[in-house]
Amino acid sequence: MTTTVRKIKKQSNFEITSWKWMRYSAVALLPLVWIHVLIKDVIVGVHNIDTFYVRDIWAIWGWKVYDILLLAFTFAHGVNGLRNVSMDFFHSEKARKIVDWGLIVLWVLVSGIGALAIIAGARPEMLV
Amino acid sequence: MDISLKVFRYNPEAGRTKPAYDTYLLNGVDPTDRILDLLEEVKDYHDGTLSFRRSCAHGVCGSDAMRINGVNRLACKALVQDLNSNSITVEPILGLKVIKDLIVDMKPFFDSYKSVMPFMINDDIPEDGKERLQSIADRERFDDTTKCILCAACTTSCPTFWSDDKYVGPAAIVNAHRFIFDTRDQAAEERLNILNDESGVFRCRTAFNCTEACPREIHVTQAVAEVKQAIVSGVIK
Ligand code: FES
């Protein structure tokens, strides 16, 4: 037995985009996080990671991009989750707007600083 | 069997301005008695001021949803033997203002219900001038959500609703689903537009409390997910 399929005009607003974002970013995070964990924790081992290792890894542009993506995706996914939770505590339009903007600024700041650090790379010789 | 029935009491008009619990010891309770029977016994023989809503006493009207040992149930459907305990606590459903004892203000709940336009909208004249025909499969598609009796057990078990009563809630979404997926209705787009805003379906975090709470065994969380899907995909199937 098949049902009738009906189409309606596809709707779009911030809530729909943010809901989709949570799903897509979660899918993107699966390989990003697992490859990261596999390399850093299993293959290399956290005790073998020092500034020299980080310098060598970040000398490769591919890994820079990978780490920036990992940071931006994870943090954006988390911040959007936080936005959803925050609605439980902030009920007025105004308060929600303030929280939303605060979270966006936080996301841009942290992702920006993180990206800058990754692009600048590590210089262990400066520590000695 | 003997049952100790602890009931939430609050009656500002009679000076009971602080919520408190009264405990009644009931003897000779039959395990197949319903919680509603226990409440009736208290009201008839122990304390006539105890207030609660009930009408059909057969799980049809949806007026006696309450928290029984912490779980939302209909007092007229929950049997003493189902609870596996000799001490039973009865409290009003959460998230709605208590007016008196077990009676809560249902207005916000019904306002949300009304907001999704829970009625058939179709301005066309039926082909034969009398009936709007539908295939068996198309009728089957929304059968589950026609079973809602508006008892509010689902909405008042929802954590999102507890923290934000602007959230339209699972019961309203279930009733929107009932019309959105009905091929005879023409206002699906309008309803989905109502449900896609900040207090709409996307506030659902799939806690599944609603599905567990529903005394009619409606797959509430699934219905909410199908409405989300319809909004995101623009396809109703
Ligand atoms: S009294 Fe009608 S549903 Fe329980």
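Protein chains get the first letters and strands the later ones, always in sequence-line order, with residue 1 at the start of each.
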Pairs of heavy atoms under 4.5 Å with chain A: top-ranked of B:N196, B:T183, B:V235, B:D165: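 Ranked by contacts with chain A, first place is B:N196.
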
Best-contacting candidate, B:R141, B:E198, B:Q134, against chain A by heavy atom pairs under 4.5 angstrom: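 Among B:R141, B:E198, B:Q134, the one with the most close pairs to chain A is B:E198.
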
Atom pair NE2/NZ of B:H58 and B:K77 - distance to nearest 0.5 Å: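 NZ of B:K77 is found 11.5 Å from NE2 of B:H58.
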
Most contacts with chain B, counted as non-hydrogen pairs under 4.5 angstrom, among A:K7, A:E15, A:K9: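 Highest number of heavy-atom pairs under 4.5 Å: A:E15.
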
A:K20 atom NZ, neighbour heavy-atom count above 12 within 6.0 Å: yes

Which bit of [X] comes within less than 4.5 Å of chain A, counting heavy atoms only: side chain, backbone, both or neither?
{"X": "B:N193", "answer": "both"}
{"X": "B:R139", "answer": "neither"}
{"X": "B:S233", "answer": "backbone"}

Full working for side chain to side chain donor-acceptor pair (under 3.5 Å) between B:N175 and B:R178: CA-CA 5 Å; B:N175 283 281; B:R178 184 253 169 269; over 6 Å; no

Residue that, paired with B:E226, satisfies side chain to side chain contact (heavy atoms under 4.5 Å, CB included) out of B:K237, B:H219, B:H177: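 Passing option: B:H177.
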
Per-residue contact mode, A:M22 against chain B (heavy atom under 4.5 angstrom):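 Neither part, no heavy atoms under 4.5 Å.
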
Side chain / backbone / both / neither for A:N84 at chain B, heavy atoms under 4.5 Å: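 Both parts, heavy atoms under 4.5 Å.
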
Sidechain N-carboxylate O distance under 4.0 Å for B:D182, A:R6: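 Looking at A:R6 together with B:D182, the answer is no, because their closest N to O distance does not fall below 4.0 Å.
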
Parallel, tilted or perpendicular, as decided by the 30° and 60° cut-offs, for the rings of B:F8 and B:Y10: tilted

